[in-house]
Amino acid sequence: MNRILWVDDEIDLLQPYIIYLKGKNYEVVTASNGEDALALVESQKSKVDSRPFDIVFLDENMPGMSGLETLQEIKRIHPEVPVVMITKSEEEHIMEQAIGEKIADYLIKPVNPSQILLCLKKHIHQQSIVTEQVQQNYRQEWSDISYMIDTASTIEEWKAIERTLTKWDLELENSSMRSMIEDQRIQANAAFAKWVAKNYEEIIESRKTKDDSIRMSPDVMKYAVFPLLDKGEKVMLCVIDNFRYDQWKTIQPLLSEFYSVQHEEQYMSILPTATQYARNAIFSGLMPLQIQEMFPQYWVEEGDEESKNQYEKELVQTLLDRYRRRESFQYWKVNESDFCERVTQQLKGVQAPLSIVVLNFIDMLSHSRTESKMMRELANDEAAYRSLTLSWFRHSPTYELLRRAAELGFTLVLTTDHGTTRVKNAVQIIADKNTNTNIRYKVGKALNCNSKNVLTLDQPKRVGLPCPNVSSSYAFCTGNDFFAYPNQFNYYAQYYRNTFQHGGVSLEEMIVPLVTLIPKK
C-alpha cells in the first residue's frame with residue numbers, strides 16, 4: 001500500500017477525496033499546516049520501522065508556514081519524495097519558484113478525483129506501468145524480429161535489425177525480460193555472421209565497379225562530409241573510437257541540447273573492425289590494400305612497433321588531392337582531457353572549412369575496463385557500459401568541445417571507425433609467433449582453428465586486405481567468441497571473458513552510427 005501525505009489548511013473539506021483514495025488502496029495521512037507536515041516527515045524518516053511517504057500533496061496557500069516554505073523544508077529532509085503543489089493561483093512567479101524548488105507537478109484548484117489518481121499513476125506507478133507496457137509490446141514484436149533475422153538478405157535489413165535490437169536493448173535494460181532480448185541478439189549475430197561470410201567478398205568486389213549501394217568505411221568522407229563542404233558549411237568530423245550504435249542513442253539526448261539531428265544513418269565497417277584498418281580507410285577513402293599499394297609510406301604492418309594510425313592527417317590530404325578538393329583542414333587527435341580543453345579554446349580561431357577531431361576516450365574506457373578489476377565491476381554488461389559512457393560524456397571536456405562547436409556554427413558529422421562487442425567464449429587457435437595480438441581477429445601463416453564459428457579469408461587481396469606473406473590468411477571471431485592460444489588457454493579465457501573487444505564480425509562492431517547534426521540557433 002502506497003502512503004500519501006496530504007497537507008491543506010482545509011483538510012476537513014477533502015474527506016471525500018481521502019475516502020476515494022483509501023478505496024483505491026492508498027494510505028492517506030493528513031496535516032492541516034506546514035509545521036505538522038514537517039513533524040510527520042521527520043518522524044517517518046527517523047523511525048526504522050516506519051515506511052516513508054511515497055508522495056506529498058501540498059497546498060500552496062496556507063496560513064503560518066506557506067506552501068513554498070513547507071516545500072523547501074520537506075525537500076531538505078526528504079529530497080527524493082515527489083511533491084505535488086496544489087494552488088488556486090496561476091501567477092507565473094509562484095509557479096517558477098515552485099518549479100525551482102523541484103516540485104514534481106502542480107494542480108490548479110478545484111481538482112477532481114481523476115486528476116489526483118492520474119497524478120499518482122504518473123509519479124508513483126509510472127515506472128511499473130511503463131515497464132509492463134514495454135514488456136507487452138516486446139512480446140508482441142518478438143516473432144516479427146525473429147522473422148526479420150531469419151530472412152535478412154541485404155545490409156539495409158541488417159541495419160534495421162540493429163536499430164530494432166538497440167531500441168529494445170535500451171527499453172528492456174531494467175526489465176526481467178532482458179535475457180530474451182540478449183538471446184535474440186545472439187540469434188541475430190549468428191545469422192549476420194553467416195550473411196557476412198557468404199556476401200563479404202561480393203560486397204567488396206562490387207565496390208571495384210563503383211557500386212556505392214553499400215556504404216562502408218572508405219565512403220564516409222565522400223558521402224557524409226564532402227556534400228556539406230560543397231554547400232559552404234563549416235564542418236566538424238568527429239570520429240569517436242569504439243563507438244557503438246547504442247552508445248550514440250545513449251548520449252543523443254545530451255547533444256540535443258545544442259544540436260538537431262539532420263540525418264541519421266549507419267554504415268558498415270570493413271573487416272577487420274580495428275583502428276589500423278577501419279579508421280585509415282575512413283581518412284584515405286581507400287581499402288587497406290589500396291593504401292599499402294598507393295601510399296606504402298603511410299601503411300604500418302601488423303608486426304611493426306610504431307603506431308598504426310600515425311599518418312591519419314597525411315591520408316586525409318591524399319583523399320582531398322585525389323578528388324581535387326582545395327579545402328584546408330584542421331586535424332586533432334585527442335587522447336587527454338587537457339588537450340581536449342585546448343582544442344576547445346582553439347576552435348574560435350579556426351578558419352579552415354573542415355575540422356577533424358579523433359576522440360580516443362571510449363577506446364581508453366574499453367581497454368581500462370579490460371585491465372582494471374574495478375572498471376569491470378563498474379561496467380559488467382552492456383547496460384552498465386552505456387551508463388559509464390553517458391557519465392563520461394556528461395562530465396568530460398568532449399561535451400564542452402561539441403557544445404562550443406555548436407555555438408560557433410559547426411555542422412557536426414559524428415561517427416566511429418568500429419564498435420565493440422562483449423566477448424564470452426574462448427576458442428583455441430594455433431598460429432606462428434609473428435601473428436598479431438588482437439583477440440577478435442588474427443592475420444598470419446598457418447592459422448589453425450577448429451571452431452565452426454570462425455570466418456576465414458584465405459585470399460585477403462580479394463577483399464581489399466594486405467597480405468603480409470604469400471601464405472597469410474585472416475581469421476575472424478563471430479558473435480561473442482574470442483581467440484586464445486593453447487599455452488595458458490584457461491588463464492586468458494578467464495582474463496578476457498566479459499570484456500568489450502573489437503576486430504571481428506558482429507552487428508555491434510560492423511553496423512555503426514553516422515550522424516549529421518546541425519547547431520540550434
Enquirer: Are Arg422 and Tyr385 in a cation-pi setup, meaning NZ or CZ lies under 6.0 angstrom from the ring centre and within 45 degrees of the ring axis?
Expert: no
Enquirer: Excluding sequence neighbours, so at least two apart, what forms salt bridge (charged side-chain N to carboxylate O under 4.0 Å, His left out) with Arg178?
Expert: Glu182, Asp381
Enquirer: I need the full list of salt bridge (Lys or Arg N to Asp or Glu O under 4.0 Å) pairs touching residues 316-326, with sequence neighbours left out, sorted by first then second residue.
Expert: Asp230-Arg325, Arg325-Glu327
Enquirer: Out of Val316, Thr416, Asp219, Val220, which one pairs with Ile282 under the side-chain contact (heavy atoms from CB on, under 4.5 Å) rule?
Expert: Val220
Enquirer: Using modelled atom types and a 3.5 Å cut-off, is there a donor and acceptor pairing between side-chain atoms of Tyr259 and backbone atoms of Ala406?
Expert: yes
Enquirer: May I ask you to establish whether Lys234 and Phe410 are in a cation-pi arrangement, using a distance under 6.0 Å from NZ or CZ to the six-membered ring centre and at most 45° from the ring axis?
Expert: yes
Enquirer: With side chain to side chain donor-acceptor pair (under 3.5 Å) as the rule and sequence neighbours excluded, what pairs involving residues 340-358 come up?
Expert: Trp332-Gln346
Enquirer: Hey, which of Val357, Leu517, Leu408 is the one that makes side-chain contact (heavy atoms from CB on, under 4.5 Å) with Met236?
Expert: Val357
Enquirer: Applying salt bridge (charged side-chain N to carboxylate O under 4.0 Å, His left out), can you list everything that pairs with Glu293, at least two apart in sequence or on another chain?
Expert: none
Enquirer: Under the side-chain contact (heavy atoms from CB on, under 4.5 Å) test against Asp169, which residue among Arg185, Gln184, Glu382 passes?
Expert: Arg185
Enquirer: Of all residues at least two apart in sequence or in a different chain, which pass the salt bridge (charged side-chain N to carboxylate O under 4.0 Å, His left out) check with Lys231?
Expert: Glu233
Enquirer: Assess the side chains of Gln247 and Asn242: does a donor N or O sit below 3.5 Å from an acceptor N or O?
Expert: no
Enquirer: With under 30° as parallel and over 60° as perpendicular, where do the rings of Tyr492 and Tyr495 fit, or are they tilted in between?
Expert: perpendicular
Enquirer: Look at Arg403 together with Glu400 and state whether they make a salt bridge at an N to O cut-off of under 4.0 Å.
Expert: yes
Enquirer: Return the set of residues passing ring-ring contact (aromatic ring centres under 6.0 Å, His included) with Tyr331 (not counting sequence neighbours), or none when no residue passes.
Expert: none
Enquirer: Do Phe258 and Tyr399 have their ring centres less than 6.0 Å from each other?
Expert: yes
Enquirer: Quick check: does any side chain N or O of Gln276 sit under 3.5 Å from a backbone N or O of Val300, one acting as donor and the other as acceptor?
Expert: yes
Enquirer: Output all residues satisfying ring-ring contact (aromatic ring centres under 6.0 Å, His included) with Phe329, sequence neighbours left out; order by chain, then residue number.
Expert: none
Enquirer: Mind checking what makes side-chain hydrogen bond (donor to acceptor under 3.5 Å, both in side chains) contact with Asp150, not counting sequence neighbours?
Expert: Gln187
Enquirer: What's the verdict on side chain to side chain contact (heavy atoms under 4.5 Å, CB included) for Lys249 and Glu264, showing C-alpha distance, side-chain angles and the deciding distance?
Expert: CA-CA 11 Å; Lys249 300 309 290 184; Glu264 178 185 313; 3.3 Å; yes
Enquirer: Judged by modelled atom types alone, do Thr499 and Gln501 share a side-chain donor-acceptor pair under 3.5 Å?
Expert: yes
Enquirer: Check the orientation of Tyr474 and Tyr441. Use parallel for under 30°, tilted for 30 to 60°, and perpendicular for over 60°.
Expert: parallel
Enquirer: Name all residues meeting the salt bridge (charged side-chain N to carboxylate O under 4.0 Å, His left out) criterion together with Glu312; count only those two or more places apart in sequence or in a different chain, and write none if there are none.
Expert: Arg279, Lys333
Enquirer: Does His125 have any ring-ring contact (aromatic ring centres under 6.0 Å, His included) partners at least two apart in sequence or in another chain, and if so, which?
Expert: Tyr26
Enquirer: If the condition is ring-ring contact (aromatic ring centres under 6.0 Å, His included), which residues does Tyr298 pass it with, not counting sequence neighbours?
Expert: Tyr311
Enquirer: Tell me which pairs pass side chain to side chain donor-acceptor pair (under 3.5 Å) where either residue lies in residues 444-460, with sequence neighbours left out.
Expert: Gln459-Arg462
Enquirer: Quick one about Gln494 and Asn490 (side-chain donor to acceptor, distance below 3.5 Å, no hydrogens or angles considered), yes or no?
Expert: no
